[in-house]
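Some notes on the structure that comes next.
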Amino acid sequence: MTHFFHILFGAIWLGTAATLPFWGNRMNRADHLHTVLGIVDTIFILKCVFIMGGLLSTLATGSALATTYGFSISALDGNPMWINLSLFISLVIFINSWVI
């Protein structure tokens, strides 16, 4: 069941992150301040709830799966390369989401 939630949360934050350029483009074309502020609110909700929540849930379920299969988040030298790469990508996205 953890596999299902891991994939679901990964799809949620990745899919939401993929829609952010659409919202930014729409904001650039908006003529009224009220429309721009509404889009900014939408982007903030998307970022805080779906991207950060989905990313944290993906990391939590990934940590549970890694522990179940005997991998470690702290001792990276014993992991396969794809796990270390996914941890690095998640870290970059996490930092990028907080900075932006």
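Along the sequence shown, the residues carry numbers beginning at 1. Source: prediction; values computed, not measured.
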> Which distance, rounded to the nearest 0.5 Å, do you find between the CG of Leu65 and the CZ of Phe5?
Replying inline: 12.0 Å
>> To the nearest 0.5 Å, what is the distance between CG on Leu37 and OG1 on Thr42?
In response: 10.5 Å
>> Between Thr68 (side chain only) and Ala64 (backbone N and O only), is there a donor and an acceptor less than 3.5 Å apart?
In response: yes
> So, for Phe9 and Thr58, which heavy atoms are closest and what is the spacing to 0.1 Å?
Replying inline: C-OG1, 3.2 Å
> Which heavy atom in Pro80 sits nearest to a heavy atom in Phe71, and how many Å separate them?
Replying inline: CD-CE2, 3.3 Å
>> I'd like to know if Ile7 and Phe50 are part of one continuous hydrophobic network [Ile/Leu/Val/Met/Phe/Trp/Tyr, side-chain heavy atoms within less than 4.5 Å].
In response: no
